[in-house]
A.B. asks: 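This is the structure I have questions about; it appears just below.
Since the model is a prediction, treat every value here as computed from it, not as a measurement. Ligands are counted one by one from 1 in listed order, and the atoms in each one are counted from 1 as well.
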Amino acid sequence: MRNLQITGERLWASLMELAQIGATAKGGVCRLAASDLDGDARRLFIRWCEEAGCTVRVDKIGNIFARRAGRNPTLPPVVTGSHLDTQPTGGKFDGAYGVMAGLEVVRTLNDLGYETEAPIEIVAWTNEEGSRFSPAMVGSGVFAGVFDLAEGLARPDNVTGVTLGAELERIGFAGAEEVGGREVAAYFEAHIEQGPILEAVQKPIGVVTGAQGQRWYEITVTGQEAHAGPTPMPRRRDALVGAARMIDAVNRIGHAHAPYACATVGFVQVSPNSRNTIPGRVFFTVDFRHPENAVLTVMDTELRQACDAAAAPIGLDVDVKEFWYFPPTPFDPRLVAAVRGAAEAQGYPHQDIISGAGHDAVYMARVAPTAMIFVPCVGGIRHNEIEDARPEDLTAGCNVLLNAVLGRASPEI
Ligand SMILES: [Zn+2]
């Protein structure tokens, strides 16, 4: 009964239809968490799940669970999915692929009249991207007990300050279910790769063995605002000059720990941001990643030293606040082996890989056996409108997902 096959054309058609919600002129998708468009995508997903015979529930942080019953209703479910929100210039597949792959697994089992022992649930997590409401992965984070519910709902929109809770209410997705606190037999997430590795080695399946650790910082540099004309150079306390040197140091720290370290400054606010005023205050973010905790600790020390070294000569105050941290996360060895086994059984070339990005699976790994399946993205580009994937790779990943899920949901067969 193993080596069942999904219908690749149906998976592709669903992805393309979903991508029309928030479609951008450059072929990407802009569907920010808890926006009207996110609401539209959620309603389409729910309609498809109900048409596939699933029972749909929404929890208090807006996570959607679509359940296909198993023969034994007392067994905890095998859960698979990802997220429907995107970055402002997101692509068609980041997140959407994992959710639609879960739906395609259910549709395939329906076509075959295949009854599993355990129930299967397709999940769409709220606010994975963290672009509109930071931090990222709030829905799965509350589910896994990383954040409490009130904290998650109170997260403000980065621009307007309206809360995630208020926006979920407005779009009709402040659900009634308690968040988490129930057993999950296994969690699988299919996702496009966030880098160029699988494409380079020409293998359709990445067997994800775990995720890199991450440390995120918020840095505030304070000097003194002054008029650009009358203030002589030696008397200036220019916060932007100090911040620029710190940003350069962040980049150097990343290079110093090659090839696995990543170090990024992606958000900068200059105050007052006026062309004839010396900047008095700069706020910027730092994102450090590495698969080893020990290296992240060294990078942390180097960052703090570099900030102090840049601030002192200009007479600046610098506040380095660690905003978010999670340690490197190994996935469940049995589930990782199940993914590898499913790829082998299907004859797909595969390679073990470490996830360089945060995914809902990283939080789920704290409360349930978890594994991920990566498929190549063309050009290795993600968080970009031109992100692309080949239909045959998406089909391969979904076939692996189907058989890995079946192995957990009907282990005796
Ligand atoms: Zn994603």
Side-chain angles (χ1 to χ4, degrees), residues 11 14-15 18-19 21-22 24 28-35 37-38 41-42 45 61-64 79-103 122-144 146 187-198 206 208 210-212 214 216 262 264 266 287 289 324 326 329 331 353-365 370-389 393-394 397-398 401:
L11 170 63
S14 299
L15 281 163
L18 180 62
I21 302 174
T24 62
V29 177
C30 175
R31 200 165 55 222
L32 300 182
S35 63
L37 291 169
D38 187 20
R42 287 161 171 266
F45 168 59
I61 195 77
N63 298 320
I64 304 169
V79 179
T80 185
S82 193
H83 57 96
L84 294 171
D85 66 315
T86 76
Q87 292 280 326
T89 54
K92 295 197 256 317
F93 304 104
D94 180 353
Y97 173 57
V99 180
M100 292 299 105
L103 177 63
I122 317 161
V123 60
W125 301 110
T126 294
N127 185 37
E128 191 276 345
E129 293 290 359
S131 167
R132 181 180 178 202
F133 304 95
S134 64
M137 295 142 53
V138 162
S140 53
V142 175
F143 188 93
V146 179
Y187 177 70
F188 290 100
E189 183 167 348
H191 206 282
I192 60 162
E193 189 203 346
Q194 65 276 59
I197 295 168
L198 292 175
V208 188
Q212 282 186 331
Q214 301 189 35
W216 286 17
C262 295
T264 305
D287 173 329
R289 302 181 191 210
W324 192 42
F326 64 76
T329 307
F331 288 151
I353 193 166
I354 291 262
S355 170
H359 293 292
D360 295 304
V362 177
Y363 281 155
M364 282 305 286
T370 292
M372 290 188 81
I373 301 158
F374 275 175
V375 295
C377 51
V378 175
I381 294 169
R382 205 191 70 143
H383 282 183
N384 190 301
E385 288 164 284
I386 62 169
E387 158 199 292
D388 207 355
D393 293 337
L394 300 178
C398 193
L401 177 68

A.B. asks: Between His359 and the Zn ion (ligand 1), is there a contact where an N/O/S atom of the residue lies under 2.8 Å from the metal?
C.D. replies: no
A.B. asks: Will you find, in the side chains of Asp287 and Trp216, an N or O donor that is under 3.5 Å from an N or O acceptor?
C.D. replies: yes
A.B. asks: So, is Glu129 placed with an N/O/S atom under 2.8 Å from the Zn ion (ligand 1), counting both backbone and side chain?
C.D. replies: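 So Glu129 does not bind the Zn ion (ligand 1) by this criterion.
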A.B. asks: Any donor-acceptor pair under 3.5 Å linking the side chain of Ser14 with the backbone of Met100?
C.D. replies: no
A.B. asks: Without swapping roles, check the side chain of Tyr363 against the backbone of Gly139 for a donor-acceptor pair under 3.5 Å.
C.D. replies: no
A.B. asks: For the residue pair His83 / Asp94, report whether a side-chain donor-acceptor contact shorter than 3.5 Å exists.
C.D. replies: yes
A.B. asks: Checking one value in my table: which N/O/S atom of Asp94 lies closest to the Zn ion (ligand 1)?
C.D. replies: OD1
A.B. asks: Find, among atoms of His83 that are N, O or S, the one nearest to the Zn ion (ligand 1), and state its name.
C.D. replies: NE2
